[in-house]
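Report on the following structure.
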2 protein chains.
Amino acid sequence: MPREIDRRAARTRKALHHALLTLMLQKGYEALSVQDIIDEADVGRSTFYAHYTGKEDLLRSGFQMLREELREAQSTAREKAGVPHDDPLGFSATMFEHAARYADHYRTMIGGRGGAVTENEIRLILSEVVRQELSSTLQDDAIPRDFVVQFIVGAFLTALNWWFERKPGLPPSTVDAMFKSLVLDGLSSFSGGRRSGDHPTTNRGAHRSNLKDRG
Amino acid sequence: MPREIDRRAARTRKALHHALLTLMLQKGYEALSVQDIIDEADVGRSTFYAHYTGKEDLLRSGFQMLREELREAQSTAREKAGVPHDDPLGFSATMFEHAARYADHYRTMIGGRGGAVTENEIRLILSEVVRQELSSTLQDDAIPRDFVVQFIVGAFLTALNWWFERKPGLPPSTVDAMFKSLVLDGLSSFSGGRRSGDHPTTNRGAHRSNLKDRG
DNA sequence: AAGATTCCGGACAGAGGGTGCATTATCATA
DNA sequence: TATGATAATGCACCCTCTGTCCGGAATCTT
């Protein structure tokens, strides 16, 4: 009996995903209709609804694959990095570089043109990553864990969006440095009088030079 | 000649805005159709299109009024507060209390049910406020001004959303304290070993006790 | 090679979006 | 207060999109 997916079905889904991505790069997600997608993919109407319940389902299906991919990339990156238990933002450098490679796609997904579903899905994926990074570093529960996770994810998306919209030419390492500076030290690091910036208990003063080693 | 808006038009627009707000509280923005709005407002179809180009235009029009209102509230709150030039987050306390008063509306606008347009509009309004607060406090340009503004706005919206979704019972002062702690000091304030928390150059260690004076 | 299964695509009804035109209410003026 | 001018209103129309159904075709198993 055929356990694997039918080749026709696989071909159709692939075509639909490709069409969705292509059209999202052109028109964004919200402005997209199922008609456009099946027209671009050259697929029949009921074929689409046989596979997905709508364009939102198709989008989520795509993110499902991305989720697996990212999870794997994170775990391998973790094994590579020597000090995973001391840096609550270990994910950011990898993510910024990944974003630089697939700038068009990231820009589409995040810059508002991706729609609420896309942004929410990305937030969920990032939340998982950050929660795992955070579980081994933070002990203080003065601020609820969830709040901190959402704070970091929001700051990361903000950085990413600002990068694409305002300074696309900047290297990922620079954006990563700014992101880490704000998230780790907040506004205190450069609001009026500035402190020297050395902290004996943590190594957060070293993220600027760390980036040069990786890049 | 009639310089003021016709009473009929005013009545219609008021009814439409009210209907939009009512229906958004029930079904959210995306799920809303123009048909629903004009049905709720008891207005004819072309009447709607005579005033607005679509439901997005109606939404923006509503935010325009909110923008004016907020701008005014901010300026008066500034005159009241004695030390406007030393606190880059002076807006937050007022906003959190305002959000607590109109919790249902804020929840609708921000919690994803408001749609991308709503969130973007809110971001724009908040950006103006934060930019103005920031212009008198920050001097260092190690990180671009826009980036910092977006960072603060994003963190504020994150805090607001987390508050509504996870801990609706918390008083605004507590959420404000957590928000300020993260934005001003970042994760450093409670990642593993914690410092004493006094800074001679700024007064950012005092926001917890400040809130009790205001509340 | 042939039956069974699954997929594909054109057709159909239902709903919502945006526009034009005749009717009606409101405003300014004598 | 009456009247012409102006502006808002509501109904009807056409178009596009959505979601579903059924006949035809391709694929898999034996």
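Quick note on labels: first sequence line is chain A, next is B, and so on, each numbered from 1.
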Separation of atom [atom1] in [X] from atom [atom2] in [N], rounded to whole Å:
{"X": "Ile37(B)", "N": "dG16(C)", "atom1": "CD1", "atom2": "C1'", "answer": "12 Å"}
{"X": "Arg11(B)", "N": "dA25(C)", "atom1": "CZ", "atom2": "P", "answer": "13 Å"}
{"X": "Arg8(A)", "N": "dG9(C)", "atom1": "CZ", "atom2": "C1'", "answer": "13 Å"}
{"X": "Phe48(A)", "N": "dC17(D)", "atom1": "CZ", "atom2": "P", "answer": "14 Å"}
{"X": "Ile38(A)", "N": "dT18(D)", "atom1": "CD1", "atom2": "C1'", "answer": "10 Å"}
{"X": "Asp42(B)", "N": "dA8(D)", "atom1": "CG", "atom2": "C1'", "answer": "15 Å"}
{"X": "Tyr52(B)", "N": "dT9(D)", "atom1": "OH", "atom2": "P", "answer": "11 Å"}
{"X": "Glu56(B)", "N": "dG17(C)", "atom1": "CD", "atom2": "C1'", "answer": "14 Å"}

Can you say whether a donor on the side chain of Arg45(B) sits under 3.5 Å from an acceptor on the base of dG18(C), or the other way round?
yes

Assess whether one donor atom and one acceptor atom, taken from the side chain of Ser46(B) and the base of dG10(D), lie less than 3.5 Å apart. yes

Residue Lys14(A) excluded, over 12 heavy atoms near NZ under 6.0 Å:
no

Answer yes or no: does atom NE2 of His98(B) have more than 12 heavy-atom neighbours from other residues, nucleotides or ligands under 6.0 Å? yes

Could you check whether the rings of Phe179(B) and Phe91(B) sit parallel, tilted or perpendicular, using 30° and 60° as the cut-offs? perpendicular

* To do: Pick base, sugar-phosphate or nothing for Gln35(A), based on heavy-atom distances below 4.0 Å to the nucleic acid.
  => base

- Query: With a non-hydrogen cut-off below 4.0 angstrom, is Ser33(B) in contact with a base, only sugar-phosphate, or nothing?
  - Reply: sugar-phosphate

(Q) Does Arg13(A) qualify as a cation-pi partner of Tyr52(A), given the criterion of NZ or CZ under 6.0 Å from the six-membered ring centre and within 45 degrees of its axis? (A) yes

Residues at least two apart in sequence or cross-chain that pass salt bridge (charged side-chain N to carboxylate O under 4.0 Å, His left out) with Arg60(A), listed by chain then number, are Glu56(A), Glu121(A)

By nearest-heavy-atom nucleotide on DNA chain D, the more 5' of Val34(A) and Thr47(A) is Val34(A)

Side-chain N,O (Tyr49(B)) to OP1/OP2 (dG18(C)) below 4.0 Å:
yes

Please check the phosphate of dC7(C) (OP1 and OP2 only) for any side-chain N or O of His51(A) closer than 4.0 Å.
no

Heavy-atom nearest nucleotide on DNA chain C taken for Lys55(B) and for Val43(A); more 5' hit belongs to Val43(A)

